[in-house]
Undergrad: 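What follows is a single structure, and I will ask about it in a moment.
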Amino acid sequence: MSDRFAERLLAWYDKHGRHDLPWHHNRNAYRVWVSEIMLQQTQVTTVIPYFLAFMERFPSVRELAGAPVDDVLGHWSGLGYYARARNLQKAAIRVVEDHGGEFPVDQEALEGLPGIGRSTAAAIIAQAHDKRAAILDGNVKRVLARYHAIPGWPGQTSTLTRLWQYAEAHTPDERVRDYTQAIMDLGAMVCTRSRPVCERCPLNEDCIAFRRGETHLYPGPKTKKEKPEKTTWMVILEDENGRIMLERRPPTGIWGGLWSLPELDPAYGPEELREACEQTLGLDCGEPDLISGFRHTFSHYHLHIQPARLPVAKGILIQDRPDRRWVHRDEALGLGLPAPIRTLLTRPGQTTLL
DNA sequence: TATCCGTGGTG
DNA sequence: TCACCAAGGAT
């Protein structure tokens with residue numbers, strides 16, 4: 001690029017950028033990698049406490065590779081996108097077994113690890129090694145879409161291709177670590193989605209969208225689709241010792257690998273729940289106690305959760321299955337639980353009895 | 001290419 | 001109350 005994009009950005013970064021984030025200290029490839037995975041589709045303020053606790057428990061790639069999956073998921077509980085946690089540990093095991101515990105330095109090898117794509121690989125290269133690699137995350141997409149007035153939704157291949165071209169072109173040969181942090185900081189602090197602070201932007205002079213007064217038009221909107229509504233029963237089974245039954249969810253799909261409350265087919269009516277527990281779970285239960293349901297919104301559908309509390313008759317045992325277990329509430333909260341289930345178990349008073 | 005995968009903040 | 005979306009990647 002013949003303009004002074006990177007130069008202006010770096011000068012702004014030196015004065016106003018974020019230089020003190022937790023992963024900026026004791027910087028190494030492992031810490032950079034974990035932070036980048038956590039930061040996928042997740043804001044900095046959300047990540048910080050998770051990152052600190054994660055590093056306390058898993059200080060190096062070897063401890064992560066050797067940890068129980070439940071421990072890793074437990075530290076991810078509430079962060080969302082749990083495939084990131086499963087892939088993180090898979091990648092850690094590969095780094096230990098195939099690379100002697102040392103992270104690959106080249107982009108191709110990094111992209112071969114589960115959970116690491118083009119942008120994350122580039123971020124690791126730039127942040128950990130200060131070597132030239134172009135990133136393209138949500139911040140960069142927004143900055144570039146406005147600066148060059150690139151129409152269309154960034155998810156569209158044609159739009160994405162153009163964005164990558166500009167991302168590559170603007171990335172400098174020197175100070176790549178600072179540059180990648182700088183353009184993300186600009187997107188997060190100045191070139192925000194709503195009400196960008198263009199007066200304080202070091203790039204406003206040559207920003208086409210700003211000069212046209214059209215920053216609100218970029219990036220282009222995603223084509224919206226109607227979200228389907230799904231319904232499910234979630235049963236709180238409590239035995240005479242005050243323990244509740246948890247069930248491990250399948251490794252794929254929503255909340256994959258996490259512990260949650262047992263689900264029953266929504267086709268069962270309230271009066272059939274007792275029988276459903278008997279047939280589905282092999283449990284002899286008392287009368288169901290219906291709790292008011294709530295709606296949980298995901299990216300692509302709404303889930304209507306109908307909780308029901310059922311007492312379990314004394315002396316009844318279920319067959320020993322590794323994906324089911326009786327736990328006290330305190331113990332349950334130490335496992336990887338989905339956020340709404342955690343809320344349900346922590347603050348049952350928040351919901352109203354029917 | 002389109003869809004799936006979470007959660008919390010925002011207007 | 002609710003649609004929209006943020007440091008993407010896998011399928």
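What you are looking at is a predicted structure, and each value in this text was computed from that prediction instead of being measured. Below, chains carry the letters A, B, ... as their sequence lines are ordered, and counting in each starts from 1.
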Undergrad: Please report the C-alpha distance between A:R142 and A:N139 in whole Å, then the side-chain angles of each, then the deciding distance to 0.1 Å, and finally whether the side-chain hydrogen bond (donor to acceptor under 3.5 Å, both in side chains) criterion is met.
TA: CA-CA 5 Å; A:R142 192 167 53 254; A:N139 286 312; 2.7 Å; yes
Undergrad: Test for a donor-acceptor pair under 3.5 Å between the base of C:dG8 and the side chain of A:S119, counting only N and O atoms.
TA: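 Answer no: no donor N or O sits under 3.5 Å from an acceptor.
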Undergrad: Contact class for A:W76 (heavy atom, under 4.0 Å): base, sugar-phosphate, or nothing?
TA: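 Since no nucleic acid heavy atom lies under 4.0 Å of A:W76, the category is nothing.
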Undergrad: To the nearest Å, how far apart are A:Y301 OH and B:dA2 P?
TA: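 In whole Å, B:dA2 P and A:Y301 OH are 21 Å from each other.
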Undergrad: Could you give the distance separating B:dG8 and C:dG9 at their P atoms, to the nearest angstrom?
TA: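 Pairwise P distance, C:dG9 against B:dG8, rounds to 22 Å.
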Undergrad: Would you mind classifying the nucleic acid contact of A:I37 as base, sugar-phosphate or nothing, using non-hydrogen atoms under 4.0 angstrom?
TA: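 Counting heavy atoms under 4.0 Å across all strands, no contact is made by A:I37.
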Undergrad: A:N139 has a side chain; which of B:dC5, B:dA2, C:dA6 sits nearest to it?
TA: C:dA6
Undergrad: Checking contacts here: which listed nucleotide (C:dG8, C:dA10, C:dA6) is nearest the side-chain heavy atoms of A:Q40?
TA: C:dG8
Undergrad: With rounding to the nearest 0.5 Å, note down the distance linking CD1 in A:I244 to NE2 in A:H328.
TA: 10.0 Å
Undergrad: What is the distance from CG of A:D137 to P of C:dG9, rounded to the nearest Å?
TA: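 It is 9 Å, rounded to the nearest whole Å.
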Undergrad: Are OP1 or OP2 of B:dT7 and a side-chain N or O of A:Y82 less than 4.0 angstrom apart?
TA: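 Yes, such a contact exists.
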Undergrad: Specify the separation, in whole Å, of atom CG of A:N87 and atom C1' of C:dA10.
TA: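 Rounded to whole Å, this separation is 8 Å.
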Undergrad: Output the rounded distance in Å from NZ (A:K222) to P (C:dC4).
TA: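 The distance from NZ of A:K222 to P of C:dC4 comes to 9 Å, rounded to the nearest Å.
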Undergrad: Which part of the nucleic acid, if any, lies within reach of A:G155 when heavy atoms closer than 4.0 Å are counted: base, sugar-phosphate only, or nothing?
TA: nothing
Undergrad: Want to settle it: does A:L113 or A:T42 sit nearer the 5' end of DNA chain C, counting the closest nucleotide to each?
TA: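 Closest to the 5' end, via its nearest nucleotide, is A:T42.
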Undergrad: Nearest-Å distance, CZ (A:R118) to C1' (C:dA10)?
TA: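 One finds 17 Å between C1' of C:dA10 and CZ of A:R118, rounded.
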Undergrad: For A:R18 and A:M184, work out which heavy atoms get closest and say how close.
TA: NH2-O, 4.1 Å
Undergrad: Need one value for A:V44: base, sugar-phosphate or nothing, where a base atom within 4.0 Å counts as base even if backbone is also close, heavy atoms only.
TA: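 Answer is base: heavy atoms of A:V44 come under 4.0 Å of a base.
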Undergrad: Of A:Y50 and A:W153, whose nearest nucleotide on DNA chain B comes first from the 5' end?
TA: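 Result of the comparison: A:W153.
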Undergrad: Determine: side-chain N/O of A:K224 to OP1/OP2 of C:dC4, distance under 4.0 Å, yes or no.
TA: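 Yes, because at least one side-chain N or O of A:K224 sits under 4.0 Å from OP1 or OP2 of C:dC4.
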Undergrad: 5'-most contact on DNA chain B: A:S194 or A:K230, nearest heavy atom basis?
TA: A:K230
Undergrad: Which comes earlier along DNA chain C counting from the 5' end, the contact point of A:R18 or that of A:R295, where each point is its nearest nucleotide?
TA: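 It is A:R295, whose closest nucleotide lies nearer the 5' terminus.
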Undergrad: Report yes if at least one side-chain N or O of A:Q41 is closer than 4.0 Å to OP1 or OP2 of C:dG8; otherwise report no.
TA: yes
Undergrad: Check this one for me: any side-chain N or O of A:W255 less than 4.0 Å away from OP1 or OP2 of B:dT7?
TA: yes
Undergrad: I need the A:T120 OG1 to A:L110 CG distance, nearest 0.5 Å.
TA: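 Going from OG1 on A:T120 over to CG on A:L110, the span is 10.0 Å.
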Undergrad: For A:T280 and A:C277, indicate whether the former's side chain and the latter's backbone hold a donor-acceptor pair under 3.5 Å.
TA: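 Here the side-chain-to-backbone pair does not exist.
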Undergrad: Rounding to a whole Å, what distance do you find between A:L303:CG and B:dG6:P?
TA: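 Spelled out: CG on A:L303 to P on B:dG6 is 12 Å.
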Undergrad: Applying a 4.0 Å non-hydrogen cut-off, can you work out what A:G78 is touching in the nucleic acid: base, sugar-phosphate, or nothing?
TA: sugar-phosphate
Undergrad: Examine C:dA3: is either OP1 or OP2 under 4.0 Å from a nitrogen or oxygen in the side chain of A:T297? Give yes or no.
TA: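 No, A:T297 has no side-chain N/O under 4.0 Å of OP1/OP2 on C:dA3.
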Undergrad: Would you call A:R321-A:E247 a salt bridge at under 4.0 Å N-O?
TA: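 Judged by the 4.0 Å cut-off on N to carboxylate O distance, A:R321 and A:E247 do not form a salt bridge.
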Undergrad: Rounding to a whole Å, what distance do you find between A:H216:NE2 and B:dG11:P?
TA: 17 Å
Undergrad: What's A:P340 touching, base or sugar-phosphate or nothing? Going by heavy atoms closer than 4.0 Å.
TA: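 Result for A:P340 = sugar-phosphate.
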Undergrad: Which nucleotide wins on minimum distance to the side chain of A:Y81, given the candidates B:dT7, B:dG9, B:dC5?
TA: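 The nucleotide sitting nearest to the side chain is B:dC5.
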Undergrad: When all nucleic acid strands are considered with a 4.0 Å heavy-atom cut-off, which category describes A:F51: base, sugar-phosphate, or nothing?
TA: nothing
Undergrad: Send over the distance from A:H300 NE2 to C:dG8 C1', rounded to a whole Å.
TA: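 Going from NE2 in A:H300 over to C1' in C:dG8 covers 12 Å.
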Undergrad: Is any side-chain N of the basic residue among A:R243 and A:E331 closer than 4.0 Å to the acidic one's carboxylate O?
TA: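 Result for this pair is no, no salt bridge flagged.
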Undergrad: With a non-hydrogen cut-off below 4.0 angstrom, is A:L258 in contact with a base, only sugar-phosphate, or nothing?
TA: nothing
